[in-house]
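Read the structure below first, then the notes.
From a predicted model like this one, the values you see are computed outputs, not experimental measurements. Below, each value reflects all heavy atoms present in this structure, side chains not excepted, and no hydrogens, waters or symmetry copies.
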Amino acid sequence: NTSPGIHVGFKIGDVDLKIPGGAISILAGPTSHGKTTQLINFSLGVLNDPNQKDKSVFFFSYEESRAAILSLFLNTYIGEPLSANNRESIKSYFRIGDVRYMASEGRPRAIFKDKKDAFFCELIKTGRLNIFYSEFSAQELVAAIRFLKKNTNVGLICVDYMQLLKLSSGTFGGNRQEELKQVCLLLKDCAIETGLPILLAAQFSRQVTCEADLSPIYISEAGDIERVANLILG
């Protein structure tokens with residue numbers, strides 16, 4: 001029942017990066033260092049792998065709206081310069097319905113239309129990429145993951161991000177570190193039960209100012225995270 005792991009289209013050195021099945025993995029970085037962007041890159045890497053064409057990705061955002069995450073996915077999927085600011089041009093397109101803020105020379109407008117149509121037809125309408133703005137408690141998220149395991153061909157679960165998860169009940173005397181530890185244990189048990197790869201973004205504390213500081217002990221509010229996670233990427 002356990003997934004052999006899912007390839008995300010990136011390498012560390014010469015080794016293909018694979019998110020392990022039946023376990024939780026953590027992608028940690030300081031604030032505003034691109035954790036969401038990297039989750040998006042990993043998700044598209046899963047979907048672009050020809051050996052994983054039957055797999056779906058479910059992306060739960062606790063920070064940004066579905067529309068905001070969808071536009072970020074589309075920008076990354078297009079992978080071409082459309083204007084001086086791709087993200088704002090894409091948002092404007094969905095707001096006003098035309099491409100007036102995209103450059104007219106070098107075919108960026110045609111590129112946008114073709115790739116936008118391909119993105120929605122190949123990934124969204126087929127159900128291979130599923131994006132949610134989530135207010136689920138940790139218990140509700142676990143229940144949703146169990147449901148997806150039974151009813152879909154899910155390949156990867158992404159959660160953005162760990163420090164925004166909360167339990168629906170229980171008192172920890174204001175000890176957020178202990179609550180987050182229980183959240184991680186719940187997700188770990190869910191991953192083992194379903195056999196799925198579950199990847200969570202997480203914030204490093206302000207103590208991390210250079211590569212030498214990258215350590216699990218500096219993940220904000222997280223107690224014993226190195227004992228819970230199978231893989232931690234800094």
Parallel, tilted or perpendicular, as decided by the 30° and 60° cut-offs, for the rings of F60 and F136: tilted
Verify same cluster id: L129, I198 (apolar side-chain graph, 4.5 Å): no
Closest heavy-atom pair and its distance - P197, I6: CG-CG2, 4.1 Å
Contact list for residues 8-28, test side-chain hydrogen bond (donor to acceptor under 3.5 Å, both in side chains), sequence neighbours left out: K11-D16
Cluster link L17 to L196, ILVMFWY, side chain under 4.5 Å: no
Residues V183, L185; criterion side-chain contact (heavy atoms from CB on, under 4.5 Å); working and verdict: CA-CA 5 Å; V183 167; L185 288 171; over 6 Å; no
Side chain E179, main chain L167, donor-acceptor under 3.5 Å: yes
Working for side-chain contact (heavy atoms from CB on, under 4.5 Å), residues Q139 and L186: CA-CA 8 Å; Q139 292 93 331; L186 263 178; 4.0 Å; yes
Heavy-atom closest pair, residues A229 and I232: CB-CG1, 3.8 Å
Distance (rounded to the nearest 0.5 Å) between D54 CG and N153 CG: 5.0 Å
Nearest heavy atoms of L70 and I124, plus distance in Å: CD1-CD1, 3.8 Å
Inter- and intrachain pairs under side-chain hydrogen bond (donor to acceptor under 3.5 Å, both in side chains), touching residues 57-73, at least two apart: Y62-S134
Under 3.5 Å: donor-acceptor pair, side chain of K35, backbone of P30: yes
pair L180-Q163: side-chain heavy atoms closer than 4.5 Å: yes
Donor-acceptor contact present, side-chain N130 to main-chain V57, <3.5 Å: yes
F147 atom CZ, neighbour heavy-atom count above 12 within 6.0 Å: no
Close side-chain approach of Y93 and L82, heavy atoms under 4.5 Å: no
Between CD1 on residue I26 and CG on residue L233, distance to nearest 0.5 Å: 9.5 Å
Side-chain (E80) to main-chain (P108) donor-acceptor, under 3.5 angstrom: no
L27 reachable from V15 in the ILVMFWY side-chain graph, under 4.5 Å edges: no
Which atom of G22 lies closest to which atom of I192, heavy atoms considered: O-CG1, 3.6 Å
Contact list for residues 135-148, test salt bridge (Lys or Arg N to Asp or Glu O under 4.0 Å), sequence neighbours left out: R146-E193
Exceeds 12 heavy-atom contacts within 6.0 angstrom, atom NZ of K53: yes
Nearest atoms (heavy-atom pairs only) where I40 meets I69: CD1-O, 4.5 Å
Cluster check V99, L74: I/L/V/M/F/W/Y, side chain < 4.5 angstrom: yes
Distance in Å, C158 SG paired with Q38 CD, rounded so as to fall on 0.5 Å steps: 10.5 Å
Side chain to side chain donor-acceptor pair (under 3.5 Å) between D160 and T36, worked out: CA-CA 7 Å; D160 188 25; T36 301; 2.6 Å; yes
Nearest-0.5 Å distance, CG of residue N75 to CD1 of residue I90: 4.0 Å
ILVMFWY clustering at 4.5 Å (side-chain atoms), partners of I96: Y101
CZ on F58 to CG on L141, rounded to 0.5 Å: 12.5 Å
Residues I157, L200; criterion side-chain contact (heavy atoms from CB on, under 4.5 Å); working and verdict: CA-CA 8 Å; I157 300 286; L200 298 97; over 6 Å; no
Separation of L39 CG from L44 CG (nearest 0.5 Å): 11.0 Å
Common cluster, L199/V159, ILVMFWY with side-chain heavy-atom separation under 4.5 Å: no
Single hit among F42, F73, F132 for ring-ring contact (aromatic ring centres under 6.0 Å, His included) with F59: F73
Any I24 side-chain heavy atom under 4.5 Å of V228 side chain: yes
Working for side-chain contact (heavy atoms from CB on, under 4.5 Å), residues I111 and M102: CA-CA 11 Å; I111 288 169; M102 294 180 193; over 6 Å; no
Sequence neighbours excluded, every pair satisfying side-chain hydrogen bond (donor to acceptor under 3.5 Å, both in side chains) that has a member inside residues 109-122: Y77-E122, K113-D117
Shortest non-hydrogen contact from Q52 toward G45: NE2-O, 4.4 Å
Contacts of K125 that satisfy salt bridge (Lys or Arg N to Asp or Glu O under 4.0 Å) - sequence neighbours left out: none
